[in-house]
Amino acid sequence: MIKEAHPVKVIAVTGGKGGVGKTNVSVNLSVALSEMGRRVVLMDADLGLANVDVLLGLRAKRTLADVLEGRCSLQEVLVQAAEKMWIVPASSGTQEMTALSEHQHAELIHAFNDIADMMDVLVVDTAAGISNSVVSFVRAAQEVLVVVCDEPTSITDAYALIKLLNRDYRVNRFRVLANMVHSDQEGRNMFSKLLTVTDRFLDVTLQYVGSIPYDESVRKAVQKQTVVLKAFPKSRAALAYRQLANRVDGWPVLKSPRGHLEFFVERLVQQS
């Protein structure tokens with residue numbers, strides 16, 4: 001009897017530009033999901049400027065570069081960050097890692113099949129911008145969480161990313177999170193700005209998943225090299241991250257491949 005592979009939820013956190021707090025969102029969301037009992041692996045997919053391990057005060061002995069060079073397996077790279085949470089660290093300041101070929105990206109995505117049984121959720125923290133690397137990882141995820149903040153360039157860059165993924169790669173479903181907002185209304189306004197342009201020019205579905213308030217506790221937690229959920233568990237930001245994790249936990253896991261290279265595509269094929 002073949003053991004049925006349990007499905008893994010794959011979420012790419014992206015933003016189209018730097019400075020929107022994407023890595024903070026990835027890390028805090030991962031911690032909040034692990035607190036709910038989910039087994040979470042957080043992949044730092046900013047292949048040239050890794051910062052997830054720094055944000056968590058962790059020291060990585062090996063990185064994704066070692067996996068690609070064949071020096072070790074993906075499992076040997078994992079760093080445990082919490083009881084049910086592991087990090088896949090990227091290498092910092094390595095130019096070659098930012099220019100991976102399509103084949104290398106495919107190899108990296110396939111490598112995750114080896115550790116699929118030890119996780120329920122894979123969170124992929126992508127690099128800023130719309131490089132080939134960002135596109136590869138976003139296309140390989142089932143859920144795309146686009147982080148925006150209240151800067152004119154943030155909405156423009158998020159739109160550029162959505163447009164590229166939609167027109168060139170047929171990605172047509174995006175979830176949007178407003179970060180560092182001063183009010184709930186401000187978050188909704190940002191979302192409607194984005195929705196106005198996507199509705200007009202693209203064939204995509206956008207879903208608003210809420211907002212994370214601007215909170216000094218987040219900056220203080222970063223200085224302490226920890227997450228706001230642990231450093232200031234009762235802060236407004238920590239509360240918002242737990243609400244976000246609850247919503248994310250309710251997203252259904254896709255059970256069939258969508259026609260492009262995906263994380264865990266083998267298990268999707270087994271189930272469909």
Side-chain angles (χ1 to χ4, degrees), residues 7-17 19-36 38 40 42-43 45 85 120-126 128 134 137-151 154-163 165-166 171-199 202-215 218 227-229 235-254 258 263:
V8 178
K9 193 176 287 184
V10 188
I11 304 155
V13 181
T14 190
K17 77 181 284 287
V20 295
K22 188 179 48 54
T23 298
N24 243 314
V25 169
S26 301
V27 173
N28 280 286
L29 172 61
S30 298
V31 171
L33 285 165
S34 72
E35 283 181 353
M36 292 169 68
R38 306 291 169 253
V40 184
L42 169 57
M43 174 193 183
M85 178 181 164
D120 304 308
V121 186
L122 171 65
V123 176
V124 182
D125 179 35
T126 70
V134 174
F137 291 124
V138 169
R139 288 173 64 208
Q142 300 153 1
E143 296 285 358
V144 186
L145 183 61
V146 181
V147 182
V148 292
C149 68
D150 196 17
E151 283 176 24
S154 169
I155 300 294
T156 316
D157 291 355
Y159 174 73
L161 174 74
I162 291 169
K163 177 181 168 182
L165 288 161
N166 178 240
V171 180
N172 54 16
R173 214 166 49 86
F174 299 86
R175 315 242 189 199
V176 179
L177 175 74
N179 193 25
M180 300 181 283
V181 302
H182 293 92
S183 69
D184 192 42
Q185 194 53 48
E186 186 183 285
R188 290 181 186 282
N189 292 347
M190 271 188 252
F191 176 69
S192 24
K193 274 183 205 166
L194 191 54
L195 191 63
T196 304
V197 279
T198 55
D199 273 358
L202 306 174
D203 179 24
V204 296
T205 304
L206 252 54
Q207 188 190 5
Y208 183 58
V209 296
S211 61
I212 306 293
Y214 177 81
D215 187 341
V218 175
V227 288
V228 75
L229 280 158
S235 63
R236 287 167 61 234
L239 190 68
Y241 276 120
R242 290 199 179 92
Q243 287 172 339
L244 173 66
N246 265 315
R247 277 185 213 120
V248 169
D249 195 50
W251 294 350
V253 182
L254 300 186
R258 295 161 308 168
F263 284 102

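All residue numbers in this chain count up from 1 along the given sequence.
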Taking side chain as C-beta onward, heavy atoms only, is [X] less than 4.5 Å from [Y]?
| X | Y | answer |
| --- | --- | --- |
| Leu194 | Ile162 | yes |
| Val176 | Val209 | no |
| Phe263 | Val124 | yes |
| Ile11 | Val121 | yes |
| Met85 | Leu42 | yes |
| Val147 | Val13 | yes |
| Gln142 | Val253 | yes |
| Met190 | Ile155 | yes |

If you look at every heavy atom in [X] and [Y], which pair is closest and at what distance?
| X | Y | answer |
| --- | --- | --- |
| Val146 | Ala158 | CG1-CB, 3.9 Å |
| Gly15 | Lys22 | N-CD, 3.8 Å |
| Ser235 | Asp215 | CB-OD2, 3.4 Å |
| Ser34 | Val40 | N-CG2, 3.8 Å |
| Ala178 | Tyr208 | CB-OH, 4.1 Å |

Residue among Thr23, Thr14, Asn24 satisfying side-chain hydrogen bond (donor to acceptor under 3.5 Å, both in side chains) with Asp125: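 By the side-chain hydrogen bond (donor to acceptor under 3.5 Å, both in side chains) criterion, Asp125 pairs with just one of Thr23, Thr14, Asn24: Thr23.
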Asn179 side chain to Cys149 backbone, donor-acceptor under 3.5 Å: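 Not a single qualifying donor-acceptor pair exists.
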Asn172 side chain vs Val204 backbone, donor-acceptor pair below 3.5 Å: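 No; zero donor-acceptor contacts below 3.5 Å.
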Separation of [Y] [atom2] from [X] [atom1] (nearest 0.5 Å):
| X | Y | atom1 | atom2 | value |
| --- | --- | --- | --- | --- |
| Ile212 | Asn28 | CD1 | CG | 8.0 Å |
| Ser192 | Gln185 | OG | CD | 7.5 Å |
| Gln243 | Ser211 | CD | OG | 8.5 Å |
| Leu177 | Arg247 | CG | CZ | 9.0 Å |
| Asn166 | Tyr159 | CG | OH | 9.0 Å |
| Asn246 | Asp249 | CG | CG | 7.0 Å |

Criterion side-chain contact (heavy atoms from CB on, under 4.5 Å) against Val138, the qualifying member of Leu145, Leu165, Leu161: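 For Val138, the side-chain contact (heavy atoms from CB on, under 4.5 Å) test succeeds with only one of Leu145, Leu165, Leu161, which is Leu165.
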Residue among Val218, Leu29, Val27 satisfying side-chain contact (heavy atoms from CB on, under 4.5 Å) with Val227: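 Among Val218, Leu29, Val27, the one that satisfies the side-chain contact (heavy atoms from CB on, under 4.5 Å) with Val227 is Val27.
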Pairs meeting criterion salt bridge (charged side-chain N to carboxylate O under 4.0 Å, His left out) with involvement of residues 184-195, two or more places apart: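 Salt bridge (charged side-chain N to carboxylate O under 4.0 Å, His left out) check on residues 184-195 returns Asp184-Arg188.
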Working for salt bridge (Lys or Arg N to Asp or Glu O under 4.0 Å), residues Arg175 and Glu143: CA-CA 7 Å; Arg175 315 242 189 199; Glu143 296 285 358; 2.9 Å; yes
CA sep, side-chain torsions, deciding dist, call: Arg173, Gln207, side chain to side chain contact (heavy atoms under 4.5 Å, CB included): CA-CA 8 Å; Arg173 214 166 49 86; Gln207 188 190 5; 5.7 Å; no
Under the side-chain hydrogen bond (donor to acceptor under 3.5 Å, both in side chains) test, residues paired with Asp150 that sit two or more places apart: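 Testing Asp150 for side-chain hydrogen bond (donor to acceptor under 3.5 Å, both in side chains), a comparison that skips the adjacent residues, returns none.
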CA sep, side-chain torsions, deciding dist, call: Val181, Tyr214, side chain to side chain contact (heavy atoms under 4.5 Å, CB included): CA-CA 5 Å; Val181 302; Tyr214 177 81; over 6 Å; no
Thr205/Phe174 under side chain to side chain contact (heavy atoms under 4.5 Å, CB included): CA gap, chis, key distance, verdict: CA-CA 6 Å; Thr205 304; Phe174 299 86; over 6 Å; no
Presence of salt bridge, Lys9 and Asp120, under 4.0 angstrom: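 Lys9 and Asp120: not salt-bridged.
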Derivation and outcome, side chain to side chain contact (heavy atoms under 4.5 Å, CB included), residues Val20 and Val148: CA-CA 6 Å; Val20 295; Val148 292; 5.9 Å; no
